[in-house]
Amino acid sequence: MGADTPLAVLSKQHQHLSHYFKQYFAQVSNPAIDPIRERLVMSLFTRVGANHNILVESPEQCQQIHIFQPVLNLEMFEKLRQLKLKDYRVQIVEATFQS
């Protein structure tokens with residue numbers, strides 16, 4: 001199915017910010033990216049902490065925090081932000097803009 005509207009970036013008319021992020025194509029992945037139905041082959045967890053050489057076993061490799069979902073609620077975010085561990089530093093980056 002095609003779309004005959006011009007891309008927002010190419011339009012000479014003023015565009016809403018969300019128009020710049022529309023997806024006009026289908027993407028197929030193999031294996032399927034579906035964590036609910038494909039739990040055996042897919043995981044959404046990530047690690048926070050320093051990365052070390054995975055070929056050398058060391059205690060430093062265990063000094064990572066595992067986060068089991070990509071979106072944090074406020075409670076989980078605050079727990080992560082309030083951690084008082086020796087090798088972890090928290091930095092807040094302001095990423096908002098005024099309209």
Side-chain angles (χ1 to χ4, degrees):
M1 301 190 74
D4 61 352
T5 57
L7 296 174
V9 71
L10 300 176
S11 176
K12 293 181 180 178
Q13 296 179 347
H14 202 20
Q15 298 288 322
H16 187 271
L17 181 64
S18 66
H19 293 182
Y20 290 90
F21 301 103
K22 285 188 177 181
Q23 182 176 346
Y24 288 114
F25 59 90
Q27 181 173 346
V28 178
S29 61
N30 192 9
I33 298 178
D34 187 351
I36 295 170
R37 295 185 203 107
E38 305 286 344
R39 290 190 191 275
L40 294 176
V41 295
M42 177 168 184
S43 173
L44 295 177
F45 90 92
T46 188
R47 295 182 181 101
V48 175
N51 291 325
H52 297 281
N53 185 348
I54 62 171
L55 302 176
V56 178
E57 289 186 27
S58 67
E60 290 82 23
Q61 291 174 323
C62 299
Q63 304 300 316
Q64 293 185 335
I65 299 166
H66 291 248
I67 300 173
F68 291 97
Q69 57 189 19
V71 179
L72 300 178
N73 63 24
L74 189 57
E75 180 184 352
M76 293 188 303
F77 175 76
E78 283 300 319
K79 283 182 182 178
L80 188 61
R81 195 173 73 84
Q82 307 267 341
L83 279 176
K84 304 288 186 214
L85 299 174
K86 178 182 147 194
D87 294 327
Y88 291 99
R89 293 179 306 225
V90 175
Q91 180 72 36
I92 303 295
V93 177
E94 182 67 31
T96 58
F97 63 93
Q98 294 181 359
S99 57

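Computed from a prediction, not measured in an experiment: that's the story for all the values here.
Listed by first then second residue, pairs satisfying side chain to side chain donor-acceptor pair (under 3.5 Å) with a partner in residues 67-77 number zero, not counting sequence neighbours. Screening residues 75-99 for ring pair (Phe, Tyr, Trp, His ring centres under 6.0 Å), with sequence neighbours left out, gives no hits. Judged as a ring pair (Phe, Tyr, Trp, His ring centres under 6.0 Å), the pairs with a partner in residues 44-71 (not counting sequence neighbours) are, in order, Phe45-His66.
One finds the CG atom of Leu72 at 11.0 Å from the NZ atom of Lys79 (value rounded to the nearest 0.5 Å). Rounding to the nearest 0.5 Å places CG of Leu80 at 5.0 Å from CD1 of Ile67.
With a 6.0 Å radius and a threshold of 12 heavy atoms from other residues, nucleotides or ligands, Gln82 has its CD atom above the threshold.
Listed by chain and residue number, Glu78 satisfy the salt bridge (charged side-chain N to carboxylate O under 4.0 Å, His left out) test with Arg81 (two or more places apart in sequence, or in another chain).
Under a 4.5 Å side-chain heavy-atom cut-off, the cluster of Ile, Leu, Val, Met, Phe, Trp and Tyr residues that includes Leu55 is completed by Ile54. Grouping Ile, Leu, Val, Met, Phe, Trp and Tyr residues whose side-chain heavy atoms lie under 4.5 Å apart, directly or via other members, leaves Val56 alone, with no other cluster members.
In the hydrophobic clustering of ILVMFWY residues, with side-chain heavy atoms under 4.5 Å counting as a link, Val71 and Val48 come out apart.
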Full working for side-chain contact (heavy atoms from CB on, under 4.5 Å) between Asn51 and Gln64: CA-CA 8 Å; Asn51 291 325; Gln64 293 185 335; 3.4 Å; yes
side-chain contact (heavy atoms from CB on, under 4.5 Å) between Leu83 and Val90, worked out: CA-CA 8 Å; Leu83 279 176; Val90 175; 5.9 Å; no
